[in-house]
There are 2 protein chains.
Amino acid sequence: MEKTLKDLSTEDKIKAAARKIFTKKGYSATRTRDIAKEAGINLALLNYYFRSKEKLFEIVMLENFGQFIEGVRELIYERTTSLDQKVNVLVEFYINQMNENPDLPLFVLNEVRSNPKTLKNNGFTRDMLLKSIFMQQLVEELKQNKKTELNPLHLVMNIFSMTIFPFIASPLILKAGNLSVQDFKTIMEERKKLIPQWIKKMLLNK
Amino acid sequence: MEKTLKDLSTEDKIKAAARKIFTKKGYSATRTRDIAKEAGINLALLNYYFRSKEKLFEIVMLENFGQFIEGVRELIYERTTSLDQKVNVLVEFYINQMNENPDLPLFVLNEVRSNPKTLKNNGFTRDMLLKSIFMQQLVEELKQNKKTELNPLHLVMNIFSMTIFPFIASPLILKAGNLSVQDFKTIMEERKKLIPQWIKKMLLNK
DNA sequence: GTCTATATACGGATAGAC
DNA sequence: GTCTATCCGTATATAGAC
């Protein structure tokens, strides 16, 4: 399913091009001229559709951020799935996501760090995690296993760390591990099974 | 030990200022004027000492990259310390490092991703990890525990992921966990003990 | 070595024709 | 809606006085 730019409206062509370049290079390093060229249109059109570089970036940013947390919100409020199932789905979801768009996590993390107000108005609310069923199940499981001294946030951090960080650091990992791109993909596939197993061990006492 | 800029030579003042700003904002978003102001000198001096913005950045980049892997190279080639000890030191080293300079990891990871040739000429060699004593000890431990089917790179990735990622994602974690900065520091202190324990569990069979 | 003033280039944005 | 040409602010870099 090659996404041919020709099918899209001019506005969408620009948006797609902007997203590609902004996501890869960040706000400052991106030239509006490069977006125009990538979209196959003239620079003036960019300002015709979106008033400024900044406006365009905002749109891209919200889309990227949305992609990062969308699909997770419903998952962690799901009442019918077990904790184990949630961890499995979460890990698999993100690994698939990053395989498709490896620049996404670094883009999001850069943005929330350099521009704190990113964390307003994007659907990522305080309490979204803390009040979730997922969190309740986690706390319950720790209680069952007499591990109440362990802050459940550690486990949440571990899930995301072990899932996302390898993609962020992939250039270093490829070199340090003497891996091909294909090797790396295989390893990340393995992690879909491994990470949930490790999390399970962390939940158990002893 | 406040580092007062007044003590330094002009050249070092510029370098220090450059490092601070480049590390925080990245290459493109940094203005040489801001570096000059931060250093308390005139803009022209910057070009007098370092020929260009790019040259100056290169120096900063190498310093930052060096700080990231320096201290680790010797550690992983140490023959007298056990695997457990190495993991402990590694985790503690990086957590201390990031506490002091939280912008460092994102800077390094951005740079290696956007500029692949960063990975040449910086002391980070292919085989540096694979040929290390640390790696040998890891493989040996897995063999002892009849876990040879597990690629040891997974465990290396886990150590770095669980240690470094929380700092990269700290703005998100603070909000999602409803944490104060002090809470976060406390949690990261806890992780100095926890991560080695988790790694140990991953090494064991069952 | 350090400054002020300025050259030069680049990038975002707009005017105006079609 | 789409283009070409151009404006104009800003950022890097340099010339030249002290």
Side-chain angles (χ1 to χ4, degrees), chain A residues 3-64 103 107 110-111 114-115 117-118, chain B residues 3-64 103 107 110-111 114-115 117-118:
Chain A
K3 56 173 159 183
T4 54
L5 288 181
K6 281 198 296 185
D7 307 341
L8 301 170
S9 70
T10 299
E11 185 172 349
D12 286 339
K13 273 192 283 189
I14 298 173
K15 224 191 301 189
R19 190 167 183 199
K20 176 174 172 183
I21 300 185
F22 274 136
T23 305
K24 190 187 195 76
K25 316 217 290 180
Y27 181 80
S28 297
T30 295
R31 314 291 132 197
T32 51
R33 282 172 164 80
D34 294 339
I35 296 176
K37 180 183 278 187
E38 170 79 23
I41 53 95
N42 188 276
L43 171 60
L45 267 186
L46 187 150
N47 287 300
Y48 172 76
Y49 281 103
F50 310 87
R51 235 186 45 214
S52 67
K53 177 185 180 182
E54 205 170 348
K55 281 279 178 202
L56 184 51
F57 181 77
E58 239 170 79
I59 293 169
V60 168
M61 200 270 295
L62 285 174
E63 281 183 6
N64 278 352
D103 291 321
F107 174 92
N110 278 321
E111 187 58 18
S114 64
N115 191 358
K117 62 177 173 293
T118 301
Chain B
K3 55 175 161 182
T4 53
L5 287 183
K6 282 197 297 183
D7 306 342
L8 301 171
S9 70
T10 299
E11 184 171 350
D12 286 337
K13 273 192 282 190
I14 298 173
K15 224 191 300 190
R19 191 169 181 196
K20 176 174 173 182
I21 301 185
F22 273 137
T23 305
K24 189 185 196 77
K25 317 220 289 180
Y27 180 81
S28 297
T30 295
R31 311 294 127 188
T32 51
R33 280 172 166 78
D34 295 338
I35 296 175
K37 182 184 276 183
E38 170 80 24
I41 52 95
N42 188 276
L43 171 60
L45 268 186
L46 188 150
N47 286 304
Y48 172 75
Y49 280 104
F50 310 88
R51 234 187 45 213
S52 68
K53 178 185 180 182
E54 205 170 347
K55 280 280 179 201
L56 184 51
F57 180 77
E58 240 169 79
I59 292 169
V60 168
M61 199 271 294
L62 286 175
E63 280 183 5
N64 278 352
D103 291 321
F107 174 92
N110 276 322
E111 187 57 20
S114 64
N115 191 358
K117 63 176 171 293
T118 302

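All chains are named by letter (A, B, ...) in the order of the sequence lines, taking the proteins before the strands, and each is independently numbered beginning at 1.
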Side-chain N or O of A:Ser52 closer than 4.0 Å to phosphate OP1/OP2 of C:dG12: no
Whole-Å distance separating the NZ atom of A:Lys37 from the P atom of D:dT4: 13 Å
Euclidean distance, atom CG of residue B:Leu45 to atom C1' of D:dC18 [Å, nearest integer]: 13 Å
Interatomic distance, B:Phe22 CZ vs D:dA11 C1' [rounded to whole Å]: 12 Å
Closest listed nucleotide, where the reference is the side chain of A:Ala44 and the choices are D:dA13, D:dC3, C:dC3: D:dC3
For B:Lys20, salt bridge (Lys or Arg N to Asp or Glu O under 4.0 Å) partners two or more places apart: B:Glu38
D:dT2 OP1/OP2 closer than 4.0 Å to side-chain N/O of A:Tyr49: yes
Distance-only donor-acceptor test (3.5 Å): side chain A:Arg33, base C:dG12: yes
Gap between atoms CG and P, on B:Asp12 and C:dG1 respectively (whole Å): 12 Å
Sugar-phosphate only, base, or nothing, as touched by A:Thr30 at under 4.0 Å among non-hydrogen atoms: sugar-phosphate
Rounded distance in Å - CG (A:Asn47) to P (D:dG1): 16 Å
Parallel, tilted or perpendicular: ring planes of B:Phe22 versus B:Tyr27, cut at 30 and 60 degrees: parallel
Side-chain donor or acceptor of B:Lys25 paired with backbone N/O of A:Ser114 under 3.5 Å: no
Distance in angstrom units between A:Arg31 CZ and C:dA9 P, rounded: 17 Å
Atom-to-atom span, CG of B:Leu43 to C1' of D:dA13 - whole angstrom: 8 Å
Any A:Asn42 side-chain nitrogen or oxygen under 4.0 Å from OP1 or OP2 of D:dC3: no
Side chains of A:Ile59 and A:Lys55 in contact at under 4.5 Å (non-hydrogen atoms): no
Per A:Lys53 side chain, nearest of listed nucleotides C:dA13, D:dA11, D:dA13: C:dA13
All side-chain hydrogen bond (donor to acceptor under 3.5 Å, both in side chains) counterparts of A:Arg19, not counting sequence neighbours: A:Asn64, A:Gln67
Phosphate-side-chain proximity, A:Thr32 and C:dA13, N/O vs OP1/OP2 below 4.0 Å: no
Between D:dA13 (P) and B:Tyr48 (OH): distance, integer Å: 17 Å
